[in-house]
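Take a look at the structure set out below.
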Amino acid sequence: MEATMAGYNGHNEDNDFMHRLRHSTAHVMAEAVLQLYPQAKLAIGPAIDAGFYYDFDLGKDEQGRPKTFAPEDLAEIEKRMRQSIAAKKPFNCREVSADEARQLFQGQPSLAEEGAEHHRVLVRQALAHGLHAPVVRPGRAVVDAEDNRRVSHINRQQHGSTYLLRGCMVSSPSSPNPFSLQREKGSKAQDAFKLMNVAGAYWRGDEHNPMLQRIYGTVWQNKKQLEAYLARLEEAKKRDHRKLGKDLEIFVFDEEVGPGLPLWLPRGGVLIEELERLAKEVEDRAGYVRVRSPHLAKEDLFLHSGHLPYYAESMYPAMELEGVRYYVKPMNCPFHHKIFAARPHSYRDLPLRLAEYGTCYRYEKSGELFGLMRVRSMQMNDAHIYCAEDQFEQEFMAVIDLYLHYFKLFDIEKYVMRFSTHHKRGLGKKYIDNERLWLKTEDMVRRAMTNGGIPFVEQADEAAFYGPKIDVQVWSAIGREFTLATNQVDFAQPARFDLRFTNREGQEETPLCIHRAPLSTHERMIGFLIEHYAGNFPAWLAPEQVRVIPITDAHNEYAYRLAERLSAAHVRVEVDAGQERMNAKIRSAQLLKVPYMAVVGEQEAQNNTVSLRKRDGSRQDGMAVDAFVALVQERVATRAKEL
RNA sequence: GCCGACGUAGCUCAAUCGGCAGAGCAUCGACCUUGUAAGUCGAGGGUUGCCGGUUCAAUUCCGGCCGUCGGCUCCA
């Protein structure tokens with residue numbers, strides 16, 4: 001898969017040929033769309049990871065409904081694009097001032113239909129304020145201006161289409177056709193791209209705005225690279241946890257149970273138990289204590305915590321009994337705050353680390369659900385650390401160390417730590433309205449991370465409602481970004497719940513709270529691990545660790561004795577005593593990605609040995625049973641990466 | 001939630017123009033007694049997601065709902 005860390009890499013787009021090529025192809029597509037749909041209005045059309053997209057407003061149909069692309073239309077658009085690229089039409093660039101740009105588009109007819117005024121206003125604003133607000137006058141022009149000091153004007157001479165955009169699409173004015181640069185022997189420029197799919201997308205990414213039609217495309221240096229990319233996409237699909245989860249019998253969704261509510265099959269249950277065992281070990285060593293809390297509580301608790309004022313959109317609606325409203329919990333924190341408050345605390349008690357693999361329920365919008373990665377019922381590797389302010393940095397960084405410990409164990413290398421901060425405009429809406437504390441706690445996190453030498457990227461408007469956080473961003477097999485683990489500061493709830501401890505001076509003080517979930521939720525973690533390992537779990541995690549394969553039914557008895565021996569050593573083992581040939585039995589075990597296969601026949605039964613076949617296909621014949629049991633035990637006990 | 005596409009056996013997929021719903025794998029049974037990725041034969045398995053409409057006749061055409069997928073929005 002492409003390392004989809006774009007947006008975090010900060011590469012210099014202006015010097016990136018592929019970026020220019022992708023941007024250029026977007027505009028070639030826009031031109032093709034305008035030829036086919038002269039009434040279409042253009043919105044934005046940037047280069048993205050492996051290609052580009054372009055947003056269009058196609059106007060209304062006879063019934064007054066917004067017109068949409070049919071997937072078949074892509075073929076026709078592609079055809080026109082190929083012709084256009086093959087014709088090697090030049091791109092002519094020249095720089096114009098913002099004033100001239102404004103001039104160019106002035107006096108052009110305003111958008112005809114209703115709602116057009118809206119677009120036009122945005123165009124004007126964009127130009128006036130120099131915002132990145134690419135839009136168009138009807139039909140033929142696009143503004144893609146990020147700043148009004150450097151606006152380029154491109155004239156597609158063959159069609160007289162005029163676009164405004166940031167920078168030129170070609171490498172330099174002297175190499176006027178970017179497609180001429182991508183050519184290689186025996187490869188044609190027009191064969192190096194493909195339109196992928198159509199999708200709806202909100203204007204300016206705001207769900208309150210009208211929805212536009214977006215076409216995604218991919219473009220590469222040559223056809224070979226394009227084909228390699230498409231092949232990689234196919235490979236990624238094989239890794240998709242939704243497919244592997246089914247094949248490996250880990251989880252299912254049932255229509256009657258409900259969307260986003262996974263059922264864990266026995267093999268998935270094992271994964272959960274192993275993760276919890278791991279968490280318990282690690283947290284015991286790190287000074288956590290375990291608590292338990294119910295799945296629901298009265299409305300009062302969530303009013304108090306701030307969830308109902310700030311988080312109600314993601315909560316299942318209340319159920320009312322005997323005049324009291326109850327909510328299922330979207331988070332565990334209010335309960336842990338109550339546990340903290342259950343008795344008075346001295347500074348000597350702090351830091352107090354309350355851990356619980358709590359089950360939470362969030363009403364994610366239907367279109368947001370995604371296999372195990374985005375569900376409505378989830379079990380979080382949750383804990384809340386109550387500490388004094390001067391303990392904050394050490395505690396916060398101890399959590400970061402936990403992350404790093406886990407990532408090393410799982411060999412997770414591709415991630416970005418994202419420092420998620422508030423945004424002024426969200427104060428009082430999605431964020432607790434106390435700017436002073438926002439700035440203060442954000443500064444504390446920034447300082448702690450910097451002092452700890454942990455690289456991170458800062459992103460505004462991604463915080464929790466109660467404070468800033470460090471999120472660990474990872475990518476699914478098909479390239480979708482997710483927050484896996486999270487480490488959050490909470491300056492709000494301890495005060496709201498009037499949590500206190502007595503400090504050294506005998507005065508009452510409000511503790512800070514750190515919410516953390518280094519192992520994410522079971523759902524997202526396991527979804528991620530399935531893809532990360534492509535189903536090839538290390539022995540300690542593997543739902544079935546050993547499959548015993550008797551060669552004929554004459555060896556079943558020995559097979560069962562061996563299985564008992566392994567079972568007594570706490571190894572998860574199954575015997576395949578079916579009537580298939582040994583080869584077929586091996587094949588089924590391979591398909592289930594069982595790490596160790598113990599093939600037993602006449603020789604093994606006689607010598608008290610196994611013929612060990614590992615999942616990777618390697619073999620060790622005549623291995624003593626004792627040695628085999630010891631091997632498996634050692635690999636599991638040390639959570640070894642190798643088989 | 002919004003835009004678009006798709007829903008046929010446990011799984012992967014067929015079924016011409018509207019005319020008795022089919023295959024492979026899996027499951028079950030029998031035979032074979034097997035040496036490191038599929039032995040042979042046979043059987044069972046379906047209200048074609050659900051509800052309604054059009055029609056002599058609907059898996060097929062139309063409408064509504066449910067679910068899934070690709071995006072948008074949102075997120076552990």
Side-chain angles (χ1 to χ4, degrees), chain A residues 53 55 65-72 196-216 237 240 242-243 246-247 249 252-256 258-260 311 313-314 330-331 360 362-375 378-382 420 430 462 464 469 471-472 474 478 480-486 488 515-525 527-528 549-555 578-591 597-604 611-615 617-621:
Chain A
Y53 66 79
D55 287 349
R65 295 168 52 88
K67 259 202 237 176
T68 58
F69 287 114
E72 309 86 81
M196 303 298 280
N197 48 33
V198 286
Y202 296 108
W203 167 236
R204 288 182 73 102
D206 185 332
E207 62 179 322
H208 304 292
N209 285 341
M211 185 160 265
L212 305 170
Q213 289 289 302
R214 175 173 296 180
I215 300 180
Y216 281 94
K237 275 190 199 162
D240 192 314
R242 291 168 297 184
K243 175 176 167 46
K246 193 182 278 181
D247 292 348
E249 302 169 17
V252 292
F253 287 96
D254 184 282
E255 270 198 35
E256 203 166 3
Y311 201 73
E313 206 178 72
S314 299
M331 296 185 195
C360 296
R362 297 183 185 173
Y363 195 82
E364 307 290 354
K365 293 182 201 163
S366 54
E368 293 165 348
L369 301 173
F370 179 76
L372 282 182
M373 304 293 230
R374 193 76 183 276
V375 291
M378 70 210 79
Q379 232 182 319
M380 290 203 278
N381 172 229
D382 213 357
S420 306
K430 52 193 278 207
E462 294 285 351
K469 51 180 181 164
D471 292 322
V472 176
V474 296
I478 61 168
R480 204 174 290 188
E481 179 177 340
F482 287 96
T483 299
L484 190 69
T486 187
Q488 317 179 337
H515 305 226
R516 43 112 278 183
L519 287 177
S520 192
T521 59
H522 280 323
E523 289 72 18
R524 190 167 287 180
M525 191 71 196
F528 175 79
I549 298 175
I551 291 175
T552 77
D553 51 17
H555 313 114
Q579 53 178 359
E580 285 80 29
R581 295 285 183 281
M582 175 207 64
N583 278 315
K585 292 176 181 177
I586 286 172
R587 184 178 145 81
S588 343
Q590 287 283 161
L591 290 176
M597 281 153 266
V599 180
V600 294
E602 203 47 42
Q603 289 178 37
E604 288 76 15
S611 169
L612 171 62
R613 179 193 163 100
K614 293 182 185 173
R615 181 175 57 204
S618 66
R619 263 177 77 174
Q620 221 168 322
D621 291 337

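Side chains included, hydrogens not; waters and symmetry mates left out as well; all remaining heavy atoms used. Per chain, numbering begins at 1; letters A, B, ... match sequence-line order.
Comparing the P positions of B:A26 and B:A38 gives a spacing of 12 Å, expressed to the nearest Å. Here, B:G49 and B:U12 have their P atoms 14 Å apart, quoted to the whole Å. To the nearest whole angstrom, the two C1' atoms, one in B:C3 and one in B:U16, are 33 Å apart. Separating the P atom of B:G18 from that of B:C62 is a span of 11 Å, rounded to the nearest Å. Comparing the P positions of B:G70 and B:A30 gives an interatomic distance of 44 Å, to the nearest angstrom. Across B:G46 and B:U55, the matching P atoms stand 31 Å from one another, rounded to whole Å.
Put simply, CZ on A:Phe370 is 12 Å from C1' on B:G71, counting in whole angstrom units. Residue A:Leu369 contributes atom CG, which lies 11 Å from atom C1' of B:C75 at whole-angstrom precision. With rounding to whole Å, A:Met196 atom CE is found 18 Å from B:C69 atom P. Atom CE in A:Met582 sits roughly 8 Å away from atom C1' in B:U34 (whole-Å rounding). Spacing between atom CZ of A:Arg587 and atom C1' of B:A26 amounts to 11 Å, rounded to whole angstrom units. Rounded to an integer number of Å, the gap from CG of A:Leu484 to P of B:A76 is 12 Å. Rounded to whole Å, the distance from CD1 on A:Ile549 to P on B:A37 is 10 Å. The separation between A:Asn209 atom CG and B:G1 atom C1' is 15 Å, rounded to whole Å.
A donor-acceptor contact shorter than 3.5 Å is absent between the side chain of A:Thr521 and the backbone of A:Met380. Looking at A:Arg362, its side chain does come within 3.5 Å of a backbone N or O of A:Pro330 through a donor-acceptor pair. No donor-acceptor distance shorter than 3.5 angstrom exists from the side chain of A:Lys243 to the backbone of A:Lys237, with no hydrogens or angles considered. Under the 3.5 Å distance criterion, the side-chain polar atoms of A:Gln488 are left unmatched by any main-chain donor or acceptor of A:His515. When atom types are taken as modelled, the side chain of A:Glu523 and the backbone of A:Gln379 share a donor-acceptor pair closer than 3.5 angstrom.
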Please list each protein N or O that sits under 3.5 Å from an N or O in nucleotides 59-64 of chain B, with the distance.
none

Write down the protein N/O and nucleotide N/O pairs, taken from nucleotides 3-6 of chain B, whose separation is under 3.5 Å; answer none if there are no such pairs.
| unit_1 | atom_1 | unit_2 | atom_2 | d |
| --- | --- | --- | --- | --- |
| B:C3 | O2' | A:Gln213 | NE2 | 2.9 |
| B:C3 | O2 | A:Gly200 | N | 3.2 |

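Applying the 4.0 Å criterion to OP1 and OP2 of B:G71, one finds that A:Arg480 has a side-chain N or O inside that range. Side-chain nitrogen and oxygen atoms of A:Lys246 include at least one within less than 4.0 Å of the OP1 or OP2 phosphate oxygen of B:U12. Considering only side-chain N and O atoms, A:Arg581 lies nowhere under 4.0 angstrom from the phosphate OP1 or OP2 of B:U33. Taking 4.0 angstrom as the limit, A:Thr486 places none of its side-chain polar atoms (N or O) nearer than this to OP1 or OP2 of B:A76.
Judged by distance alone with a 3.5 Å cut-off, no donor-acceptor contact links the side chain of A:Gln488 to the base of B:A76. At a cut-off of 3.5 angstrom, counting only N and O atoms as typed in the model, there is a donor on one side and an acceptor on the other between the side-chain of A:Arg524 and the base of B:C75. Put simply, the side chain of A:Tyr202 and the base of B:G1 share a donor and an acceptor less than 3.5 Å apart. Within 3.5 Å, a donor on the side chain of A:Arg374 pairs with an acceptor on the base of B:C74, or the reverse. Under 3.5 Å, the side chain of A:Glu604 and the base of B:G35 form at least one donor-acceptor pair of N or O atoms. For A:Ser520 and B:A76, a side-chain-to-base donor-acceptor distance below 3.5 Å is absent, hydrogens and geometry of angles not being considered. A:Arg516 contributes no side-chain N or O that forms a donor-acceptor pair with the base of B:A76 under 3.5 Å. In terms of polar N and O atoms assigned as donor or acceptor, the side chain of A:Gln579 comes within less than 3.5 Å of the base of B:C31 in a complementary pairing.
The side chain of A:Glu255 sits closest to B:G67 out of B:U34, B:A76, B:G67. Listed candidates were B:A76, B:G1, B:C66. Nearest to the side chain of A:Lys469 is B:A76. When distances are taken from the side chain of A:Tyr216 to each of B:C72, B:U34, B:C69, the shortest belongs to B:C72. Between B:C69, B:A76, B:G1, one nucleotide has an atom nearer to the side chain of A:Thr483 than all others, and that is B:A76. For A:Phe482, counting side-chain heavy atoms from C-beta on, the closest listed nucleotide (B:C75, B:C66, B:U73) is B:C75.
Counting heavy atoms from C-beta outward, A:Met331 and A:Tyr311 have side chains that approach closer than 4.5 Å. Considering only heavy atoms from C-beta on, A:Met211 stays 4.5 Å or farther from A:Trp203 through its side chain.
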side-chain hydrogen bond (donor to acceptor under 3.5 Å, both in side chains) evaluation trace for A:Arg613 with A:Gln590: CA-CA 10 Å; A:Arg613 179 193 163 100; A:Gln590 287 283 161; 2.8 Å; yes

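Among the protein residues, A:Asp553 comes within range of the nucleic acid bases, having at least one heavy atom under 4.0 Å from a base atom. A:Arg619 comes within 4.0 angstrom of a nucleotide base, judged by non-hydrogen atoms across all strands. Within 4.0 Å (heavy atoms only), A:Arg362 reaches at least one base atom of the nucleic acid. As judged by a 4.0 angstrom heavy-atom cut-off over every strand, A:Phe253 is placed among residues making no nucleic acid contact. When heavy atoms are screened at a 4.0 angstrom cut-off, A:Gly617 is found touching no nucleic acid atom at all.
Of all heavy-atom pairs between A:Arg516 and A:Asn381, the closest is NH2-O, 3.0 Å. Smallest separation of non-hydrogen atoms from A:Gly601 and A:Ile551: CA-CD1, 3.8 Å. The nearest pair of heavy atoms linking A:Met597 to A:Ile549 is CG-CD1, 4.0 Å. Here the closest heavy-atom approach between residue A:Gly371 and residue A:Phe253 is recorded as O-CZ, 3.4 Å.
Note that A:Arg480 lies in the cation-pi zone of A:Phe370, set by a 6.0 Å cut-off to the ring centre and a 45° limit from the axis.
For NZ of A:Lys614, the number of neighbouring non-hydrogen atoms (other residues, nucleotides, ligands) closer than 6.0 Å is greater than 12.
Base pairing in RNA chain B gives the following stems of 3 or more Watson-Crick or G-U pairs, range against range and under 3.5 Å: B:1-7 with B:66-72, B:10-13 with B:22-25, B:27-31 with B:39-43, B:49-53 with B:61-65.
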